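Working notes, beginning with the structure itself.
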Amino acid sequence: MIHNRYNNKSKLITNINEFQLTNETEVIIYREEQYYDEIVVDLERQVDKFDELKPFIGFVAENLSKMDCIAQKYDGDDKFAENYAIAHICLDAPDTIKLTYFGTFVNTEFDVVFQCLNGELVLKSFGLTKNIPSDWNKQGRK
């Protein structure tokens, strides 16, 4: 079962005028009650492009729940939402979004990478699985 997480409008920050840099490189896009449950976009070496990246960060925030649901569907495990949570997000290229998940019960971490093509999110990799075909959803996971 897919759990529609990260969609609580009172916790989700999508207004680009509200984005602020914290810890020098991070922008909070989802704020839980606990600081360690916050989801941030880490700009790493792109801090100088913060203002330029605000619209893309807004796109990421607006599609956070959608990307998480795609990851759950690709994984196919009904307990994915219980076992993994998003730790942080990096913008690796002008059109690439990397979600880093961590295990909530097991000490593990893996990346799920999306490419934004014409406003659509395309799953590119999931953990060690790279070059995922764009029609994976029709073919079934391989």
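Predicted model only: the values in this text are computed from it and were never measured. Computed over heavy atoms, backbone and side chain alike; hydrogens, waters and symmetry mates excluded.
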Hey, are the side chains of [X] and [Y] touching, using non-hydrogen atoms and a 4.5 Å cut-off?
{"X": "Thr96", "Y": "Leu91", "result": "no"}
{"X": "Cys90", "Y": "His88", "result": "yes"}
{"X": "Ile86", "Y": "Leu64", "result": "yes"}

**Study point:** ring-ring contact (aromatic ring centres under 6.0 Å, His included) partners of Phe114, counting only residues at least two apart
**Key:** none
Point to revise | Results of side-chain hydrogen bond (donor to acceptor under 3.5 Å, both in side chains) for Thr25 - residues two or more places apart only | key: Asp42
Study note, to complete from the structure: Residue set satisfying side-chain hydrogen bond (donor to acceptor under 3.5 Å, both in side chains) with Asn63, at least two apart, ordered chain then number -> none
Exercise for review: Not counting sequence neighbours, which residues clear side chain to side chain contact (heavy atoms under 4.5 Å, CB included) with Ile2? List them please.
Suggested key: Cys69, Gln72, Lys73
What pairs of donor and acceptor atoms, side-chain ones from residues 7-16 against any protein atom, are under 3.5 angstrom apart with sequence neighbours left out?
from: Asn8; atom 1: OD1; to: Ser10; atom 2: N; distance (Å): 2.9
from: Asn8; atom 1: OD1; to: Ser10; atom 2: OG; distance (Å): 2.6
from: Lys11; atom 1: NZ; to: Glu32; atom 2: OE1; distance (Å): 3.1
from: Asn15; atom 1: OD1; to: Asn17; atom 2: N; distance (Å): 2.8

Review point. So which of Phe110, Phe80, Trp136 actually passes ring-ring contact (aromatic ring centres under 6.0 Å, His included) with Tyr74?
Key: Trp136
Interatomic distance, [X] atom [atom1] to [Y] atom [atom2] [nearest 0.5 angstrom]:
{"X": "Ile39", "Y": "Arg5", "atom1": "CD1", "atom2": "CZ", "value": "8.0 Å"}
{"X": "Asp75", "Y": "Thr129", "atom1": "CG", "atom2": "OG1", "value": "10.0 Å"}
{"X": "Asp92", "Y": "Gln46", "atom1": "CG", "atom2": "CD", "value": "8.0 Å"}
{"X": "Lys98", "Y": "Ile89", "atom1": "NZ", "atom2": "CD1", "value": "11.5 Å"}

Revision key, fill the gap. In short, Cys116 meets Phe56 closest at the heavy-atom pair CB-CE1, 4.2 Å
For residues 101-108, which side-chain N or O atoms pair as donor and acceptor with protein atoms under 3.5 Å away, sequence neighbours left out?
from: Tyr101; atom 1: OH; to: Asp68; atom 2: OD1; distance (Å): 2.7
from: Thr104; atom 1: OG1; to: Glu82; atom 2: O; distance (Å): 2.6
from: Thr104; atom 1: OG1; to: Asn83; atom 2: O; distance (Å): 3.2

Study note, to complete from the structure: For Leu117, the hydrophobic cluster (side chain heavy atoms closer than 4.5 Å, chained through members) also holds Val122
Review point. Can you list the steps and then say if Lys66 with Leu121 is a side chain to side chain contact (heavy atoms under 4.5 Å, CB included)?
Key: CA-CA 9 Å; Lys66 181 178 182 177; Leu121 294 164; 4.1 Å; yes
Practice item. Keeping to residues at least two apart or across chains, list the side-chain hydrogen bond (donor to acceptor under 3.5 Å, both in side chains) pairs with something in residues 110-128. Key: Asp95-Gln115, Thr100-Asp111
Exercise for review: Can you run down the salt bridge (Lys or Arg N to Asp or Glu O under 4.0 Å) pairs that involve residues 43-52, sequence neighbours left out, and say none if there aren't any?
Suggested key: Asp51-Lys54
Check your understanding: Do Val112 and Ile97 pass the side chain to side chain contact (heavy atoms under 4.5 Å, CB included) test, and can you show the C-alpha distance, the side-chain angles, and the key distance before you say yes or no?
Key -> CA-CA 8 Å; Val112 176; Ile97 305 162; over 6 Å; no
Revision key, fill the gap. Residue pairs passing the ring-ring contact (aromatic ring centres under 6.0 Å, His included) test with at least one member in residues 3-27, sequence neighbours excluded, are Tyr6-Tyr30
Exercise for review: With Val27 as reference, evaluate Leu43, Thr22, Leu53 under the side-chain contact (heavy atoms from CB on, under 4.5 Å) test and give the passing residue.
Suggested key: Leu43
Point to revise | Within one Ile-Leu-Val-Met-Phe-Trp-Tyr cluster: Val40 and Val113, side-chain cutoff 4.5 Å | key: no
